[in-house]
Number of protein chains: 2
Amino acid sequence: MNKSPAQDSGTPRTRIQRAKNEVILEAALTVFAREGFRGATLDRIAAEAGLSKPNLLYYFPSKDAIYEALLQGLLTTWLDPLRALDPQGDPVEEILAYVRRKLEMARDYPRESRLFAGEILRGAPLIRPVLETELRRMVDDSAALIARWQGEGRLAEVDPRHLLFSIWAQTQHYADFATQVQSVLGQDDFDGAAAHLDRVFRRLLTP
Amino acid sequence: MNKSPAQDSGTPRTRIQRAKNEVILEAALTVFAREGFRGATLDRIAAEAGLSKPNLLYYFPSKDAIYEALLQGLLTTWLDPLRALDPQGDPVEEILAYVRRKLEMARDYPRESRLFAGEILRGAPLIRPVLETELRRMVDDSAALIARWQGEGRLAEVDPRHLLFSIWAQTQHYADFATQVQSVLGQDDFDGAAAHLDRVFRRLLTP
DNA sequence: CGGTTATTTGACCAAGCGGTCAAAACAAGG
DNA sequence: CCTTGTTTTGACCGCTTGGTCAAATAACCG
């Protein structure tokens, strides 16, 4: 009997299975980010992972399952920096550090950023529930913290939620629209972006 | 002999053909923006336009042709507001007006914004040439104007090109990531966004 | 080694897709 | 009415794609 591990509930058992899972998700991230969900094919993912298509489907039951696993695993990492806002720290510096971290993620993990962007562009068919609960809660919490800081006069008055949108938009822009940035500048310019965003948010947030 | 008008060079001749062309591009915009290029199918576009698939292909020779026609027609409209920067006007107010116009476009033409975003996300396979020439030139010109204003001390010193990125990122965010914004806020908030961006850029740009 | 289980693969399938074609329906002019 | 050109459509084709399956191969274990 040859039951595929994909049908087992929970985490893969053997070390080999975990390793292959890893390889597959890596490959899938590359392909999904470049081609989008509909544009990606199992053959391309399999090729990228160095496997045959049936072998791919031995580890994951379907294309959707791979995509879901990717997004699921991604979300935690992706939203993590926001959790690192330290209520004890200096407000302006805390937010500037957050901006810097987000920009570094755009530079170092552009595939993740693009996968995320693609999912949301298409109406977030899969992760909308997460956005409406987990993300929303996190934003509410952060907004409360920011509002507190503002109440104490340590931060300029800006709508906290739209402030977060401003940060996300500008940092992710350098990953999601990298093609455009390169076309206009002739190359990437993350250092320039870092300096720019630092100036922008320092100026905006200093009381 | 029944030669399709799609093979005629230049603009469609009769009024009927122009009308159908219009209808088709409208439908295609809706479908492409929602599903992406790969996700969109000729059947869905045809259905959206109230036509049969072969009838669609009587007016356009291929799916690619429809997509290209859409993008082509779009680019002019899309980049137009940048041309409206008036060298004679007040620098801060000129740029704020530009921001406002861009945000209005995000509100009123989200499909166009998403189509554009999708194209760039996938590496701009089709419009990269345009980005590298036309867009780049326009950005260079605008950057020169902004730099002049800064030289005259009428605008705070910010990298002009990254400033434009900041504007694009934040305004288009409200169209491209509308799903996320809605999930977090519970609804759209273009008025809030307008007030926020006005504050952001006024604060940033006032010398 | 042999037996048992986990992994890999070639061949295949059904559905969906972009696109074609010949014929039908329609419109306009005489 | 007929003729001529335009528009519309049902049927069809070949290719790609997600997914299956039975058999082959490798890995593990006593």
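Order of the sequence lines sets the chain letters (A, B, ...), proteins ahead of strands, with each chain counted from 1.
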Any donor-acceptor N or O pair under 3.5 Å, side chains E104(B), Y109(B): no
Between dT8(D), dT20(D), dG19(C), which one does the side chain of L57(A) approach most closely? dT20(D)
Nearest whole Å is fine: how far is dG16(C) C1' from K63(B) NZ? 11 Å
Let's see if you can work this out: which of dT8(D), dG19(C), dT8(C) has an atom nearest to the side-chain heavy atoms of K20(B)? dT8(D)
Which part of the nucleic acid does A46(B) contact within heavy-atom distance under 4.0 Å: base, sugar-phosphate only, or nothing? nothing
From C-beta outward on Y59(A), which listed nucleotide comes closest to its side chain: dT9(D), dT8(C), dG19(D)? dT8(C)
Select one nucleotide: of dG18(D), dT7(D), dA6(C), the one nearest the side-chain heavy atoms of Q17(A). dA6(C)
Per nearest nucleotide of DNA chain C, the residue lying toward the 5' end, N55(A) or F37(B), is N55(A)
Residue P54(A), side-chain atoms from C-beta onward, closest of dA11(D), dG10(C), dG19(D): dG10(C)
Quick one: do R100(B) and F201(B) satisfy side-chain contact (heavy atoms from CB on, under 4.5 Å)? Show the steps, please. CA-CA 11 Å; R100(B) 227 168 291 130; F201(B) 285 104; over 6 Å; no
Starting at the 5' end of DNA chain C, which residue's closest nucleotide do you reach first, L51(A) or R38(A)? L51(A)
Whole-Å gap separating P (dT17(D)) and CD (E35(A)): 10 Å
Atom CD1 of I45(B) to atom P of dG18(C): distance rounded to whole Å? 8 Å
Contact class for A65(B) (heavy atom, under 4.0 Å): base, sugar-phosphate, or nothing? nothing
Spacing of L56(B) atom CG relative to dG10(D) atom C1', expressed in whole Å: 16 Å
Distance in angstrom units between F60(B) CZ and dT7(D) P, rounded: 14 Å
First locate atom CZ of F32(B), then atom CD1 of I45(B), and finally report the distance between them rounded to the nearest 0.5 Å. 4.0 Å
Check K53(A) with D43(A), please: is the shortest side-chain N to carboxylate O separation under 4.0 Å? yes
So if I take every side-chain heavy atom of Y58(B) and compare against dG18(D), dT9(C), dT7(D), which nucleotide ends up nearest? dT7(D)
Check every strand shown and say whether K53(B) touches a base, only sugar-phosphate, or nothing at a heavy-atom separation below 4.0 Å. base
Whole Å only: how far is the CD atom of E68(B) from the C1' atom of dG18(C)? 15 Å
Check the distance between dG16(C)'s P and L42(A)'s CG and give it to me in whole angstrom. 16 Å
Sub-3.5 Å donor-acceptor pair from the side chain of Q170(A) to the main-chain atoms of S166(B), do we have one? no
